[in-house]
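These values consider heavy atoms only, across backbone and side chains, with no hydrogens, waters or symmetry-generated copies. Small disclaimer: the values here were computed from a predicted structure and weren't measured.
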Amino acid sequence: MRLRVCFSKTDSLRYIGHLDLQRVWERTFRRANLPLLYSQGFHPQPKIQIAAALPLGFIGRREIVDVWLDESRPVPDTLNAIRARLQAVAPQGLLIQSVERIEERAPALQTQVMAAEYRIFFVAAAPPDLPQRIDNLLAQPTLFRRWRERSYDLRPLILQLKWDG
């Protein structure tokens, strides 16, 4: 059984890295007494796919994880029961928003992510020329970046950028 869980990652969990978040999910499912399905081989791992890795220190308001359960062991009948069991044992800062069953052979979750929305809050006053900087950036036809000896254009990846004041 493949489940898609939508969740929020807040509070002190914002300082948990991606690999540690995988372990948090593994422990949460074990504590909820839900039977995870493991990979085959010499070093079996639970089958857990997180949609996208958040940068360290970022709060995630609508994150997604796919988890496979072993149906040869008892699993609660309803998705609400699964959600309730997970929330009861989830660490502080992990809010389970929804749980849904999805097709076992659906494409990998990482390939389904089309965009992400980021909100930035300034601790101090924002630069006074920030609206002009945003306009200048959006007016650029290309925005090349070089990383690890490869160049690529960042501009097509920016779908929208706005200043709310």
- Query: Hey, does the side chain of R27 reach the backbone of Q22 with a donor-acceptor pair shorter than 3.5 angstrom?
  - Reply: no

- Message: For I96, is there any backbone N or O sitting under 3.5 Å from a side-chain donor or acceptor partner on Q87?
- Response: yes

- Would a distance-only check, ignoring hydrogens and angles, find a side-chain to backbone donor-acceptor pair under 3.5 Å from R85 to N33? yes

- Task: Determine yes or no for a side-chain-to-main-chain donor-acceptor pair under 3.5 angstrom, with S8 supplying the side chain and R62 the backbone.
- Result: no

- Under a single-linkage definition using a 4.5 Å side-chain heavy-atom cutoff for Ile, Leu, Val, Met, Phe, Trp and Tyr, are L3 and V75 assigned to the same hydrophobic cluster? yes

- Message: Under a 3.5 Å distance rule, please check whether Q97 uses its side chain to pair with a backbone N or O of E63 as donor and acceptor.
- Response: no

- Okay, side chain of R155, backbone of L138: is any donor-acceptor separation there less than 3.5 Å? yes

- Given L94 and T28, is the side chain to side chain contact (heavy atoms under 4.5 Å, CB included) satisfied, shown in steps? CA-CA 10 Å; L94 185 67; T28 302; 4.2 Å; yes

- 4.5 Å side-chain heavy-atom contact, K162 and Q160: yes

- Does the salt bridge (charged side-chain N to carboxylate O under 4.0 Å, His left out) test come out yes or no for R101 and E71, once each step is laid out? CA-CA 13 Å; R101 190 174 184 160; E71 291 184 275; 3.2 Å; yes

- Query: Between L159 and A115, which heavy-atom pair has the shortest distance, and what is it?
  - Reply: CD1-CB, 3.9 Å

- Note on the structure: What one should report as the nearest heavy-atom pair of A51 and Q110 is O-CG, 3.5 Å

- Flag if over 12 foreign heavy atoms under 6.0 Å of CG, D77: no

- Is the side chain of T111 donor-acceptor paired with the backbone N or O of P107 at a distance under 3.5 Å, no angle test? no

- Query: Taking R14 for the side chain and G57 for the main chain, is one N or O donor matched with an acceptor at less than 3.5 Å?
  - Reply: yes

- Closest approach of W163 and A126, non-hydrogen atoms and distance? CH2-CB, 3.4 Å

- In the single-linkage hydrophobic clustering (I, L, V, M, F, W, Y; side-chain heavy atoms under 4.5 Å), do L79 and I64 co-cluster? no

- Counting heavy atoms not belonging to R61, are there more than 12 under 6.0 Å from its CZ? no

- Task: Could you give me the CA-CA distance, side-chain angles and deciding distance for E26 and L36, then say whether side chain to side chain contact (heavy atoms under 4.5 Å, CB included) is met?
- Result: CA-CA 8 Å; E26 180 181 0; L36 287 170; 3.9 Å; yes

- Under 3.5 Å, side chain of D70 to main-chain N/O of P35, donor-acceptor pair present? no

- Run the ring-centre check on W25 versus F7 and record whether the distance is less than 6.0 Å. yes

- Any donor-acceptor pair under 3.5 Å from K9 side chain to I16 backbone: yes

- Message: Assess, by modelled atom type and distance only, whether the side chains of N136 and Q132 contain a donor and an acceptor separated by less than 3.5 Å.
- Response: yes

- Count the heavy atoms belonging to other residues, nucleotides or ligands that lie under 6.0 Å from CD of Q92, then report whether that count exceeds 12. no

- Nearest-0.5 Å distance, CD1 of residue I120 to OH of residue Y118: 10.0 Å

- Salt bridge or not for E117 and R119, using N-O below 4.0 Å? yes

- Looking only at non-hydrogen atoms, find the nearest pair between W68 and D66 and report the distance. CZ3-O, 4.0 Å

